[in-house]
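What follows is a set of notes on a single structure, which appears directly below.
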Amino acid sequence: MIMQIFLLGDSLSRGIMFDKEKGRFSLLRESFCNLMRPKLKTEVVNISGLGRTLDAACDALEQQLLVSKPQAVAIELGGNDCDYNWAEVAEEPHAAHECKTSFARFEQGIRELVARLRREDILSVLINLPPIDADRYFRFICRDDPKMEKGILSFIGSITHIYWWHERFSSVIGKIADEMGAHFIDIRRAFLYQEDYREFICDDGIHPNASGHKLIAECINDFVAKHYSYMLIPGNA
């Protein structure tokens, strides 16, 4: 029986969203993690963090495993790994730039993480990424600076490339889950099934808003009801 779950992720899992009125990031009280907690009989320990990449998340997990051993770890990563230092890209658009974690390293690292947890008899649940709004994200990173817009476009070729690059990292998560027999929660599909998924994304183009977190919570609730219904408090299936 699953009594404790670690949620290992980045700002999305932490519940960070962009507040347009305040012009800054803030912590959403009704994050998908907090929305799920009252529905579950099991304890959820959120060890996610702002800006976390795969390597930083693995370090955080190792520290937490010294404190307690869960029965399962839900993993949501990739959004920061595929990101670039856009200021450096804009400054030297024709130079060679690497994202924070190469695609090959990200795929290898997720595989190693699932294998490492399996050796400890810990269940892995992989969660892919919600889609981004590439146009809003591009405006957000450029901050209405024509020089940045020109430099970044010179490097990426088109704004559409941002969406594709982000999707590539998201897609490999499902591929790994399928090949390694890990559980997989496809939250991306839940967004894309909406009439306009952009309504569920913050003005920064990448973080889910409050409605987006409700959508993720519903998706996770459906997964738990299907595979681990005993974990749900009666009335939440």
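Note that the structure is a prediction, hence the values are computed from the model and not measured. Only heavy atoms go into these numbers, but all of them, side chains included; no hydrogens, no water, no symmetry mates.
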List the atom pairs, with distances to 0.1 Å, where a side-chain N or O of residues 54-63 and a protein N or O form a donor-acceptor pair under 3.5 Å, not counting sequence neighbours.
residue : atom : partner : partner atom : Å
D55     : OD1  : R105    : NH2          : 2.8
E62     : OE1  : R116    : NH2          : 3.0
E62     : OE2  : R116    : NE           : 2.7
E62     : OE2  : R116    : NH2          : 3.3

Under 3.5 Å, which donor-acceptor pairs do the side chains of residues 16-31 form with other protein atoms, sequence neighbours left out?
residue : atom : partner : partner atom : Å
D19     : OD1  : E21     : N            : 3.1
D19     : OD1  : K22     : N            : 3.1
K20     : NZ   : D203    : OD2          : 3.3
S31     : OG   : N34     : N            : 3.3
S31     : OG   : N34     : ND2          : 3.4

I'd like to know if [X] pairs up with [Y] as an ion pair, taking the criterion as any Lys NZ or Arg NE/NH1/NH2 lying under 4.0 Å from an Asp or Glu carboxylate oxygen.
X    : Y    : answer
E107 : K175 : yes
E43  : R37  : no
D196 : R198 : yes
K214 : E218 : no

For [X] and [Y], which heavy atoms make the closest approach, and how far apart are they?
X    : Y    : value
I185 : C219 : CG2-SG, 3.9 Å
T101 : F106 : CG2-N, 3.8 Å
F191 : G212 : CZ-O, 3.7 Å
A72  : I2   : CB-CD1, 4.3 Å

Closer than 3.5 angstrom, by distance alone: can the side chain of [X] be matched with the main-chain N or O of [Y] as a donor-acceptor pair?
X    : Y    : result
D10  : G49  : no
S13  : C33  : no
Y230 : K41  : no
N80  : R52  : yes
Q194 : A190 : yes
D81  : T53  : no
R14  : G9   : no

Taking the side chain as everything from C-beta on, heavy atoms only, tell me whether [X] gets closer than 4.5 Å to [Y].
X    : Y    : result
R188 : P131 : yes
I127 : I187 : yes
L12  : I216 : yes
L153 : F138 : yes
I176 : F184 : no
I152 : I156 : yes
L40  : I233 : no
I201 : N209 : no

Check: Taking only residues two or more places apart in sequence, or in another chain, which ones meet F200 in a ring pair (Phe, Tyr, Trp, His ring centres under 6.0 Å)?
Finding: none
Which side-chain N or O atoms in residues 162-172 pair as donor and acceptor under 3.5 Å with protein atoms at least two apart or in another chain?
residue : atom : partner : partner atom : Å
W165    : NE1  : C82     : O            : 2.9
S170    : OG   : L129    : N            : 3.1
S171    : OG   : E167    : O            : 2.9

Margin query: List the residues meeting salt bridge (Lys or Arg N to Asp or Glu O under 4.0 Å) with D133, not counting sequence neighbours, and say none if there are none.
Written below: R136
Item checked: Over 12 foreign heavy atoms within 6.0 Å of CZ, R189 -> no
Item checked: Exceeds 12 heavy-atom contacts within 6.0 angstrom, atom NZ of K150 -> no
Next item on the list: Determine, using ring centers only, whether H183 and F223 are less than 6.0 Å apart.
Entry: yes
Checklist line | Rounded distance (nearest 0.5 Å) linking atom CG of L8 with atom CG of L113 | finding: 6.5 Å
Notebook entry, point to check: Under a single-linkage rule joining Ile, Leu, Val, Met, Phe, Trp and Tyr whose side-chain heavy atoms are separated by less than 4.5 Å, which residues share a cluster with V67?
Noted result: none
Check: Taking the six-membered ring for Trp, are Y137 and F140 parallel (under 30°), tilted (30 to 60°) or perpendicular (over 60°)?
Finding: parallel
Next item on the list: Applying side chain to side chain contact (heavy atoms under 4.5 Å, CB included), run through V45 and L7 and close with a yes or a no.
Entry: CA-CA 6 Å; V45 181; L7 176 56; over 6 Å; no
Notebook entry, point to check: So, S68 versus Q4: side-chain donor-acceptor pair below 3.5 Å or not?
Noted result: yes
